[in-house]
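This report refers to the structure that appears directly beneath it.
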There are 2 protein chains.
Amino acid sequence: MEKEKKYCYEYPRPALTTDCVIFGFDGLELKVLLIERGIEPYKGRWAFPGGFVQMNETTEEGAKRELEEEAGLKNVFIEQLYTFSDVHRDPRGRVVSVAYYALVNLKEHPATAGDDAKKAQWFSIKKIPSLAFDHEKIFRMAMLRIKGKIRYQPIGFELLPEKFTLSELQYLYEAILEIKLDKRNFRKKIKKMNLLIELDEKQQNVQHKAASFYQFDKQKYEELLHKGFNFEI
Amino acid sequence: MEKEKKYCYEYPRPALTTDCVIFGFDGLELKVLLIERGIEPYKGRWAFPGGFVQMNETTEEGAKRELEEEAGLKNVFIEQLYTFSDVHRDPRGRVVSVAYYALVNLKEHPATAGDDAKKAQWFSIKKIPSLAFDHEKIFRMAMLRIKGKIRYQPIGFELLPEKFTLSELQYLYEAILEIKLDKRNFRKKIKKMNLLIELDEKQQNVQHKAASFYQFDKQKYEELLHKGFNFEI
DNA sequence: ATTTTCTGGTGTATTTTTTACACTTTGCTC
DNA sequence: GAGCAAAGTGTAAAAAATACACCAGAAAAT
């Protein structure tokens, strides 16, 4: 029996979904969180978490809800990426998707799966499997965005634990930009921005000289955001 | 009698529209094209051209279609801006709008109105009237985008006639960025980019020394885009 | 015919920013 | 205490950004 179709409109409407590219950093590699699809279409293929937008929520709220339901993530940095609307992007019919990207600190959000019993897994951006729908296109766009964005806004801190070393920060920039950076020049620039607070604390249980921990100075950043500033690496 | 509602779905769906901020430059000021609304809601208020997305077109195609229908504009530069989805942004019900911005050469597209008998008018960005829906929010976002974009991509050329003088180009940058630029330094940078072709032609019927016309070298630009480059002013 | 007005067009010196580059320090392991 | 591994640090050279003022040429006004 066909399911009841009780929401009727004068003109046809596309379905509206959100999808979210969740970036995480484990100290070495940049990763994204993928969900294995349990149903057709693309059953068994990997995809970014996402779902239908409800009538009483914005697309951003919808994306955040899905983030929590499918990946168990709450209170993360999220920003709109792009709206994908190819007529045939979903074999089930006309579906328009507002894509977001999120940045999470992977150490505080490990292997992970949400309430749903779906299989979730972090993949290095260097080894992404074949994806469902147009999610490869979404991924490419998210990579471009994060590469561009990190050069003029300190979003990198969203990917790190509260306390981090300068080397960790540099590895993160190198992982996102996919280039090598000069240690001395990197530190010079970072320090000139005046957005870091050096803590008294140092690394422990490392088999080499212990590095100082730093913290991001959110208050100073807010001030600078208002005045307009540049964060070029 | 209520209109027939023949498109039925299992779950409710928001309506999907596009809106387009059309920027034009008249040689002095940056302007946007607004349409006076002929019907409720917001009857008599100004708004950006837009309309419902059809089932056989992407949102970009829909935005282009509206551009032609409502403003008589064809083959213009257009790019996605942002998707606006506040639950109460439209008093008629749940409407999600994918906003675009377009750049047109105002001299080749004067006062203008499309097939629709709607009233269309160019407004200086310094004197925008009160707008319908959340269009003031859309406008602010479009201004931020164009200001950011023009610093690293030569989109300015879309706003100028095919042949233009260096002063016209500088006025355009000043109008978009809302700052004054130094003439010699501006010319130095523009010339170093190597994207302009100086023509043999000069201004005519001007009551001062005639300026040389220049042309944008699209071929070189395409090459550079692939290699990745910077267009900082 | 001369002067005025208006915009076009040009170069240099100074400061700031970016880049390239190598050794010492520290703490642990063996 | 020798070896290892990453932390941490400065300077010189090159490149880019900035500040700045006058002459050229065409038309209009006198």
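Here is how names work: the chains are called A, B, and so on, in the same order as the sequence lines, proteins then strands, and each is numbered from 1.
For the pair B/F164 CZ and C/dT7 C1', the interatomic distance rounds to 18 Å; values are reported in whole Å. Whole-Å rounding puts the B/L181 CG to C/dG9 C1' distance at 17 Å. Atom pair A/K183:NZ and C/dT24:P shows a separation of 14 Å (rounding to whole Å applied). Atom CD1 of A/I190 is separated from atom P of D/dG8 by 14 Å (rounded to the nearest Å). Taking atom NZ of A/K189 as the reference point, atom P of D/dT9 lies 18 Å away to the nearest angstrom. In this structure, the OH atom of B/Y171 is 10 Å from the C1' atom of C/dG8, given to the nearest Å. Per the geometry, CD belonging to A/E232 stands 13 Å off P belonging to C/dT17, to the nearest Å. For the pair B/F186 CZ and D/dT18 C1', the interatomic distance rounds to 16 Å; values are reported in whole Å.
Checked against C/dG9, D/dT11, C/dC6, the side chain of B/H208 finds its nearest nucleotide in C/dC6. The A/R187 side chain lies nearest to D/dA7 when the options are D/dC20, D/dA7, C/dG8. Closest contact between the side chain of A/Q207 and the listed nucleotides D/dA7, C/dT29, D/dT11 involves C/dT29. Nearest to the side-chain atoms of B/N185 among the listed nucleotides C/dG8, D/dA19, C/dC21 stands D/dA19.
Not a single donor-acceptor contact under 3.5 angstrom links the side-chain atoms of B/K209 to the base of C/dG9. Between the side chain of B/R184 and the base of D/dA21 there is at least one donor-acceptor pair of N/O atoms closer than 3.5 Å. Remark: the A/K188 side chain and the C/dT17 base include no donor-acceptor N/O pair separated by less than 3.5 Å.
Under the 30°/60° scheme for interplanar angles, the aromatic rings of B/F157 and B/F164 are found to be tilted.
Residues A/K191 and A/Y214 have side chains in contact (heavy-atom distance under 4.5 Å, counting atoms from C-beta outward). The shortest distance between side-chain heavy atoms of B/D217 and B/Y221 does not fall below 4.5 Å.
Using modelled atom types, one side-chain atom of B/R145 and one backbone atom of B/L81 make a donor-acceptor pair closer than 3.5 Å.
Distances shown here put every side-chain N or O of A/K202 at or beyond 4.0 Å from the OP1 or OP2 atom of D/dA7. Between B/S167 and C/dT7, a side-chain N or O to OP1/OP2 separation shorter than 4.0 Å is absent.
For the pair A/Q203 and A/D182, both in contact range of DNA chain D, the more 5′-proximal nearest nucleotide belongs to A/Q203.
Using a 4.0 Å heavy-atom cutoff across all strands shown, B/S212 reaches sugar-phosphate atoms only and no base atom. No contact: B/T165 has no heavy atom under 4.0 Å from any strand.
Summarising the local packing, CD of A/E178 is surrounded by more than 12 heavy atoms from other residues, nucleotides or ligands at distances under 6.0 Å.
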